Amino acid sequence: MPEGHLDHARPTPTWHVTVRPPARRPDVDHPEVVAAHMWRLGARAVVDHGGTIEGQFAAPVEVPAAWAGWEVATRVEPATDHMAAWRAGARSVRAGRFLVVPSHLADAAGPGDDPGGTGGVDTIDGADLRIVLDAGMAFGSGHHETTAGCLAALDDVPVAGRRIADVGTGTGVLAIAAAMLDADRVVAVDVDPTAVAVARDNIRANDVEVEVTRGGTDVLAGRFDGVLANLLTGSLVDLAADLHDCLVPGGWLVASGASLLRVDRVVDALGTAGLADVDVRPGREWAVVVAHRPV
Ligand code: SAH
């Protein structure tokens, strides 16, 4: 494990702020508006619990005037050692051709060995591509349905020898997967500096080549044969045209992060942006969308 690989997880309290805005109207999508406010206020994560929006912050938040009259609640979760929590709960996850192994389990065993008895899987199929991940504070341990769905979707799109971009790389998991599938070039971006640091460490630990930059689609130079984007519904809608423009004609987009309830909005936005051949793959709660830029 490279030096500093675990340095990003400092025990700090978390402020959970939940807001229940009025139901969505045709002209205003309040949950999306609140989510956008939360990101702007510096949220580390924003989750939509069926219309109640929860933001997780590293510091107390001043409630914006726009939320006046809405149900707002704050709960402070005492400092916990996130790495310890991740270790205690983390298991290896199989998705598509990949086996995503938490780094502490990988450390306990040699390459290809079963970590047995420590929460690992019983057997490791020789055909699996093994991604070792230290989630640190960044999203994307492979446990989330959206991440697993994107890894599985990589089975159905051409990657070897192609130029691939990963927008919102988090832990770097999808970018690492693309590199392991012999992509010609993989570029990963994330707006969160912690994610960039964690992704860089994970990329090094997996001994693959990925260029990681802090930013969004705006910092992606050039056109790509494939784009991975596991983001929130609102971001996918906002970025639909940019995602289209990142692709060469005939290129593919694998997008996730839209709940089943909201995936139609993503499909509409991608269609409006000019993407075609849009395939929705529903999971339990979330959908993966595969689309193509017409030739
Ligand atoms: N790709 C990983 C992580 C997904 S979580 C996986 O599939 O598991 C989404 C990530 O996108 C977060 O790390 C967040 O910081 C980042 N993000 C959100 N909006 C973004 C944007 N507009 N541009 C780039 N990154 C973004």
Side-chain angles (χ1 to χ4, degrees), residues 8-9 32 35-48 55-58 86 90 93 95-96 98 100 102 131-154 164-180 186-203 206 210-221 224 226-246 253-259 266 269 281 283 285-290:
H8 310 291
E32 292 293 340
H37 288 153
M38 286 180 166
W39 286 119
R40 218 172 304 135
L41 289 166
R44 287 199 295 222
V46 178
V47 189
D48 183 349
Q56 294 171 18
F57 297 86
W86 150 249
V93 178
F98 298 95
V100 185
I131 301 176
V132 177
L133 276 196
D134 181 346
M137 298 290 287
F139 181 95
S141 62
H143 292 69
H144 200 268
E145 197 184 36
T146 57
T147 309
C150 289
L151 288 172
L154 280 173
I164 310 296
D166 179 15
V167 180
T169 197
T171 53
V173 56
L174 302 179
I176 292 168
M180 285 184 174
V186 185
V187 181
V189 294
D190 201 296
V191 288
D192 174 359
T194 306
V196 168
V198 171
R200 286 204 174 116
D201 282 352
N202 283 326
I203 287 156
N206 284 276
V210 176
E211 300 154 44
V212 192
T213 311
R214 184 178 172 194
T217 45
D218 49 316
V219 302
L220 287 173
F224 294 88
V227 171
L228 296 153
N230 187 6
L231 303 164
L232 292 171
T233 306
S235 308
L236 291 172
V237 169
D238 291 347
L239 292 176
D242 292 342
L243 295 170
H244 167 277
D245 292 348
C246 287
L253 169 72
V254 168
S256 192
S259 67
V266 173
R281 303 172 180 195
E285 286 178 66
W286 307 85
V288 174
V289 181
V290 182

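Since this is a predicted model, take the numbers as computed values, not measurements. Residue numbers run from 1 in the order of the sequence given. All ligand and atom numbering here is 1-based and tracks the order in the structure.
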Specify the closest pair of heavy atoms between [X] and [Y], including all atoms of both residues, with the distance to one decimal.
X	Y	result
Ser259	Thr233	N-OG1, 4.0 Å
Gly257	Asn230	N-OD1, 3.3 Å
Phe224	Ile164	CD2-C, 3.6 Å
Val212	Ala199	CG1-CB, 4.4 Å
Val46	Met38	CG2-CB, 3.8 Å
Cys150	Leu174	CB-CD2, 3.6 Å

Within the 4.0 Å heavy-atom shell around [X], which atoms of ligand 1 are there?
X	result
Gly216	23 (N), 24 (C)
Asp192	15 (O)
Leu231	11 (O), 17 (N), 18 (C), 19 (N), 20 (C), 26 (C)
Leu174	1 (N), 7 (O)
Gly170	3 (C), 13 (O)
Thr169	1 (N), 2 (C), 3 (C)
Leu239	22 (N)

Notebook entry, point to check: Between Asp166 and Thr169, does any side-chain donor sit less than 3.5 Å from a side-chain acceptor?
Noted result: yes
Checklist line | Heavy-atom nearest option to atom 1 (N) of ligand 1, drawn from Pro193, Cys150, Gly168, Ala45 | finding: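 That would be Gly168.
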Item checked: Heavy-atom nearest neighbour of atom 12 (C) of ligand 1 within options Val189, Asp190, Asn230 ->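 When every heavy atom of Val189, Asp190, Asn230 is considered, Asp190 comes closest to atom 12 (C) of ligand 1.
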Can you tell which part of [X] has a heavy atom less than 4.0 Å from ligand 1: side chain, backbone, both or neither?
X	result
Val191	both
Val173	side chain
Leu228	neither
Leu232	neither

Item checked: Any Gly257 heavy atom less than 4.0 Å to ligand 1 ->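 Not so, Gly257 does not reach ligand 1.
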Item checked: Main-chain N/O of Gly216 paired with Asp218 side-chain donor or acceptor, under 3.5 Å -> yes
Checklist line | side-chain contact (heavy atoms from CB on, under 4.5 Å) evaluation trace for Ser235 with Leu232 | finding: CA-CA 5 Å; Ser235 308; Leu232 292 171; 4.2 Å; yes
Margin query: When you compare the side chain of Ile176 with that of Ile203, does any pair of heavy atoms fall below 4.5 Å?
Written below: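 Yes, their side chains come closer than 4.5 Å.
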Next item on the list: Give yes if a backbone or side-chain nitrogen or oxygen of Ser235 is under 3.5 Å from a nitrogen or oxygen of ligand 1, and no if not.
Entry: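 So ligand 1 has no N or O lying under 3.5 Å from an N or O of Ser235.
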